[in-house]
There are 2 protein chains.
Amino acid sequence: MDNKKIEKISRALSDANRIAILQQFKKRKDCLYCAEVNDLLDLTQPSVSHHLKQLVDADLLLSQKEGRNLKYVLNQQVLDEYIACLNELKS
Amino acid sequence: MDNKKIEKISRALSDANRIAILQQFKKRKDCLYCAEVNDLLDLTQPSVSHHLKQLVDADLLLSQKEGRNLKYVLNQQVLDEYIACLNELKS
DNA sequence: TAGATATATTTAAATATTTGAATGTTTCGA
DNA sequence: TCGAAACATTCAAATATTTAAATATATCTA
């Protein structure tokens with residue numbers, strides 16, 4: 001994982017709404033639907049869409065279309081790679 | 001570690017210059033002097049000062065004054081706590 | 001003590017991010 | 001097929017971040 005990627009993932013994680021989204025996976029279940037995220041956050045639908053896009057663009061979330069709905073799952077592999085890079089910082 | 005703190009640390013990590021600073025600790029030694037960071041980055045002194053402040057404010061770096069100089073060390077404990085929070089995201 | 005060195009702060013400009021209104025696209029169901 | 005539902009995109013406004021010039025502060029040294 002190069003520095004550009006570390007930067008992008010860090011930026012995706014640097015917002016309270018996006019952190020809240022990621023934490024829902026642990027609380028609820030292994031996947032989240034777009035509509036559930038809209039209910040979770042106190043934001044309009046376009047804003048939520050924007051935040052989800054940041055997480056998907058950083059590869060922290062994987063999305064899968066199910067008819068009109070959109071299902072998200074946490075990309076544990078990318079999260080692990082990011083964590084590994086942070087561990088590398090330690091001497 | 002609360003979400004505000006996770007947000008702040010993530011934001012501190014979301015910049016190429018600041019990532020480069022943190023990586024120098026691994027490359028060189030256990031501490032870095034402010035002047036060395038100024039040499040490392042292709043930025044003016046006030047800009048470097050700003051980036052170092054972001055890292056210190058996020059508690060990722062600890063600073064210690066030595067006369068006119070300023071010595072920085074990596075705060076491994078905070079880094080570990082942050083990593084632990086990221087691991088918690090995994091279900 | 002005066003001047004130099006190391007770092008911080010203030011200020012302003014450029015750029016990026018966040019947000020929501022309006023609107024677009026896709027898909028479902030009647 | 002038509003209207004509704006789910007989600008995305010565009011656009012503009014508000015806010016935040018990054019950067020450097022100018023300047024300030026603290027400390028060392030001659």
Side-chain angles (χ1 to χ4, degrees), chain A residues 3-25 28-29 31-75, chain B residues 3-25 28-29 31-75:
Chain A
N3 282 8
K4 272 289 166 208
K5 183 83 183 189
I6 296 174
E7 186 182 343
K8 187 156 197 171
I9 292 176
S10 300
R11 188 166 297 276
L13 291 169
S14 70
D15 178 275
N17 293 300
R18 294 193 291 265
I19 293 169
I21 293 171
L22 295 177
Q23 286 171 339
Q24 280 299 309
F25 286 92
R28 293 201 190 182
K29 49 209 167 192
C31 75
L32 262 184
Y33 284 87
C34 186
E36 294 177 299
V37 181
N38 274 288
D39 291 343
L40 172 68
L41 302 181
D42 193 24
L43 289 174
T44 59
Q45 179 267 321
S47 293
V48 175
S49 186
H50 162 75
H51 287 301
L52 285 167
K53 185 168 163 39
Q54 304 299 109
L55 292 169
V56 170
D57 286 354
D59 295 319
L60 285 168
L61 292 187
L62 299 171
S63 67
Q64 192 179 344
K65 224 177 168 191
E66 285 188 355
R68 280 181 296 188
N69 303 320
L70 201 43
K71 187 169 86 171
Y72 292 100
V73 295
L74 195 62
N75 191 343
Chain B
N3 281 9
K4 272 290 166 208
K5 183 84 183 185
I6 297 175
E7 186 182 342
K8 187 156 196 170
I9 292 176
S10 299
R11 187 166 298 275
L13 292 170
S14 71
D15 178 274
N17 293 300
R18 295 193 291 266
I19 292 169
I21 293 171
L22 295 177
Q23 287 171 337
Q24 280 298 308
F25 286 93
R28 292 203 193 181
K29 47 210 168 190
C31 75
L32 260 184
Y33 284 87
C34 186
E36 294 178 300
V37 181
N38 274 287
D39 291 342
L40 172 68
L41 302 180
D42 193 22
L43 288 174
T44 60
Q45 178 267 322
S47 293
V48 175
S49 186
H50 161 76
H51 287 301
L52 285 168
K53 186 168 163 37
Q54 305 296 110
L55 292 169
V56 170
D57 286 354
D59 295 319
L60 285 169
L61 292 187
L62 300 170
S63 67
Q64 192 179 345
K65 222 175 169 191
E66 286 188 355
R68 280 181 296 189
N69 304 320
L70 202 42
K71 187 169 86 172
Y72 292 100
V73 295
L74 196 63
N75 191 343

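Every value quoted in this text rests on a predicted model; they were computed, and no experiment measured them. Letters go in sequence order (proteins before strands), and every chain restarts at 1.
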B:D57 versus B:K8, closest heavy-atom pair with distance: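 Of all heavy-atom pairs spanning B:D57 and B:K8, the closest is O-CE, 3.7 Å.
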
Over all atoms of both residues, closest heavy-atom pair of A:I21 and A:H51: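 Result for this residue pair: CD1-CB, 4.3 Å.
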
Just compare [options] and give me whichever is closest to any side-chain atom of [X].
| X | options | result |
| --- | --- | --- |
| B:R68 | C:dT9, D:dT18, C:dA4 | C:dA4 |
| B:L43 | D:dA20, C:dA8, C:dA6 | D:dA20 |
| B:K65 | D:dT18, D:dT27, C:dT18 | D:dT27 |
| B:P46 | C:dT9, D:dA26, C:dT7 | C:dT9 |
| A:H50 | C:dT18, D:dT27, D:dA8 | C:dT18 |
| B:S47 | D:dA20, D:dA8, C:dT9 | D:dA20 |

Donor-acceptor under 3.5 Å (A:R11 side chain, B:S14 main chain):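 Here the side-chain-to-backbone pair exists.
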
Is a side-chain donor or acceptor of A:S10 paired with a backbone partner of A:I6 at a separation under 3.5 angstrom?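 A pair under 3.5 Å: yes.
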
Looking at the base of C:dA8, is there any donor atom on it, or on the side chain of B:Q45, that sits under 3.5 Å from an acceptor on the other one?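 Flag set: donor-acceptor pair detected.
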
Rounded distance (Å) that lies between atom [atom2] of [N] and atom [atom1] of [X]:
| X | N | atom1 | atom2 | result |
| --- | --- | --- | --- | --- |
| A:L52 | C:dT19 | CG | P | 12 Å |
| A:D15 | C:dT17 | CG | P | 12 Å |
| A:L41 | C:dT19 | CG | P | 9 Å |
| B:D57 | D:dT18 | CG | P | 12 Å |
| B:K71 | C:dT7 | NZ | P | 13 Å |
| B:R11 | C:dA16 | CZ | P | 15 Å |
| A:E7 | D:dT17 | CD | C1' | 12 Å |
| A:H51 | C:dT18 | NE2 | P | 6 Å |

Whether B:N69 contacts D:dA26 is assessed here as follows: a side-chain N or O lying under 4.0 Å from the phosphate OP1 or OP2. Is that the case?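 So the side chain of B:N69 is outside the cut-off, no N or O lying under 4.0 Å from OP1 or OP2 of D:dA26.
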
Can you see if the side chain of B:T44 gets near the phosphate of D:dT19 - specifically, an N or O under 4.0 Å from OP1 or OP2?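 No, because none of the side-chain N or O atoms of B:T44 sits under 4.0 Å from OP1 or OP2 of D:dT19.
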
Mapping A:S14 and B:N38 to their closest nucleotides on DNA chain C, which lands nearer the 5' end?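 Looking at DNA chain C, the more 5' nearest nucleotide goes with B:N38.
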
Side chain to side chain, A:L40 and A:V48, heavy atoms closer than 4.5 Å: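 No - every pair of side-chain heavy atoms lies 4.5 Å or more apart.
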
